[in-house]
Each structure stands twice: as C-alpha cells, then as structure tokens.
Amino acid sequence: MRKEDKSNFIAELTEMLKANSVIYLADIGELNATNTSNLRRLCFQKEVQLMVVKNALLRKAMEQSGIDFGELPLVLKGHTALMFASTGNLPAKLILEVRKTLEKPILKGAYVGESIYVGDNYLKALSEIKSKDELIGDIIFLLQSPARNVISALQSGGHKISGILETLSNKTE
C-alpha cells in the first residue's frame with residue numbers, strides 16, 4: 001500500500017470511528033476461508049459492519065479521532081477485526097452465536113457509548129446490554145404500571161360500591 005493510500009485509509013477509518021458509538025475489536029485469526037466467509041455473511045445479515053484492518057493503521061486512526069479509547073490501543077496485536085453496529089449488544093450476541101461452533105472470534109475490546117471494555121471476559125455482560133428500543137419499551141411499561149393499578153383498583157372498587165348500593169336498596173324495600 002502506498003503512503004498516500006495509507007493516509008486516505010487512515011482518514012476514512014478515523015471518520016468511521018467518529019461516526020460510530022459501538023465499536024468492537026475481535027481476533028478472527030486462524031479462521032479458515034469458509035468460516036471467515038460465514039462470519040462476514042452473518043455480520044451482513046445482522047447489520048454489523050466487519051472490517052479486517054492493520055493494527056498500525058487502526059492505532060493511528062484512533063489517535064487522530066480525538067476520542068479517548070483508553071486501553072483499547074494496547075490490545076492491537078495479532079489479527080484484528082473491527083465491528084461496527086448501531087446497537088451495543090448486537091456484535092456481542094453475534095460473537096457468542098458464532099462461538100457455539102467455533103473457538104473464534106475472541107473479543108479483544110469494545111467501545112460502547114463512551115464505555116471501554118477490554119478482554120473477552122466482558123462478552124456476556126456486553127451481550128446483555130439493552131438496546132435503546134428495549135429501554136424505551138421498559139420505560140413505557142413502567143410508566144403504564146401505576147395507571148393500570150389505579151384503573152384496576154377503581155374497577156374492582158366500582159363493583160364493590162355497586163354491590164353495596166344494590167344491597168342497601170334491596171333492604172329498604
């Protein structure tokens with residue numbers, strides 16, 4: 001790769017890092033062509049963008065992005081694949097799905113909404129992060145719960161009141 005091409009690639013990669021708040025670094029080394037192709041296909045289906053990059057170029061792009069990636073540049077050794085997604089838990093779920101049959105990919109680190117996770121031991125925790133839509137659904141459910149309780153109490157109380165009134169009206173006759 002020529003120096004000018006490297007500079008252009010670093011600039012593009014820097015923009016991608018700035019534009020995404022969910023970035024996973026994974027080791028997909030030692031996967032054969034078939035497994036790599038299947039991983040790419042699965043990423044495409046799940047709307048996760050997968051790129052294999054050189055560590056030196058990624059390190060420079062991280063430096064130029066102005067984002068504090070903490071310890072993530074330290075894990076840039078060996079084979080590195082970048083995964084971009086719109087949902088924080090999607091790449092983690094994808095990695096866990098692939099690892100049901102394969103040993104790799106292994107999570108090197110992740111940058112999710114300004115939080116930094118280094119190491120494969122965070123994979124399960126990352127897969128359990130709720131998406132924005134899931135959180136909104138939970139909030140709506142919680143907001144509706146008190147209203148449902150009030151309506152339920154009024155409805156059950158209404159039956160009691162009508163029963164009492166009916167009993168009283170029958171007594172006076």
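Going from atom CG of Leu94 over to atom CG of Leu42 covers 4.0 Å, rounded to the nearest 0.5 Å. Note that the CZ atom of Phe69 and the CD1 atom of Ile116 stand 8.0 Å from one another [nearest 0.5 Å]. To the nearest 0.5 Å, atom CG of residue Asn32 and atom OG of residue Ser37 are 10.0 Å apart. Within the model, atoms CD of Gln64 and OG1 of Thr14 stand 4.5 Å from one another, a figure rounded to the nearest 0.5 Å.
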Check your understanding: Would Asn89 and Ser127 satisfy side chain to side chain donor-acceptor pair (under 3.5 Å), going step by step from the backbone distance to the final call?
Key -> CA-CA 5 Å; Asn89 63 359; Ser127 69; over 6 Å; no
* Asked: Yes or no on side chain to side chain contact (heavy atoms under 4.5 Å, CB included) for Lys46 and Glu97, after CA distance, side-chain angles and deciding distance?
  -> CA-CA 12 Å; Lys46 303 275 185 176; Glu97 183 178 333; 3.5 Å; yes
### Query
Between Glu128 and Lys124, does a salt bridge (charged side-chain N to carboxylate O under 4.0 Å, His left out) hold up when you go through it step by step?
CA-CA 7 Å; Glu128 294 171 354; Lys124 180 134 177 69; 3.0 Å; yes
| field | Steps toward side chain to side chain contact (heavy atoms under 4.5 Å, CB included) verdict (Met51, Leu13) | value | CA-CA 10 Å; Met51 293 176 64; Leu13 194 53; 4.2 Å; yes
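The shortest distance between side-chain heavy atoms of Val98 and Pro105 falls below 4.5 Å. At least one side-chain heavy atom of Tyr24 sits less than 4.5 Å from a side-chain heavy atom of Leu107. The side-chain heavy atoms of Val48 and Thr87, taken from C-beta on, include no pair separated by under 4.5 Å. Between Ile129 and Tyr117, some side-chain heavy-atom pair lies under the 4.5 Å cut-off. Under the 4.5 Å side-chain criterion, counting only non-hydrogen atoms from C-beta, Leu57 is in contact with Lys6. Residues Arg40 and Val52 have side chains in contact (heavy-atom distance under 4.5 Å, counting atoms from C-beta outward). When side chains are defined from C-beta on, Phe9 counts as touching Val53, because their heavy atoms get closer than 4.5 Å. Tyr111 is listed as a side-chain neighbour of Leu72, based on a closest heavy-atom distance under 4.5 Å.
Between Ile67 and Leu17, the shortest heavy-atom distance links the atoms CD1-O, 3.6 Å. In terms of heavy-atom proximity, Gly88 sits nearest to Val112 at CA-CG1, 3.9 Å. When every heavy atom of Ser65 is checked against every heavy atom of Lys18, the shortest pair comes out as O-CE, 3.2 Å.
Among the candidates Lys77, Lys108, His79, Lys104, the single residue satisfying the side-chain hydrogen bond (donor to acceptor under 3.5 Å, both in side chains) test with Asp27 is Lys104.
For Glu63 and Arg59, the salt-bridge test fails: no basic side-chain N is under 4.0 Å from an acidic carboxylate O. Here Arg99 pairs with Asp120 in a salt bridge; the nearest charged N to carboxylate O distance falls below 4.0 Å.
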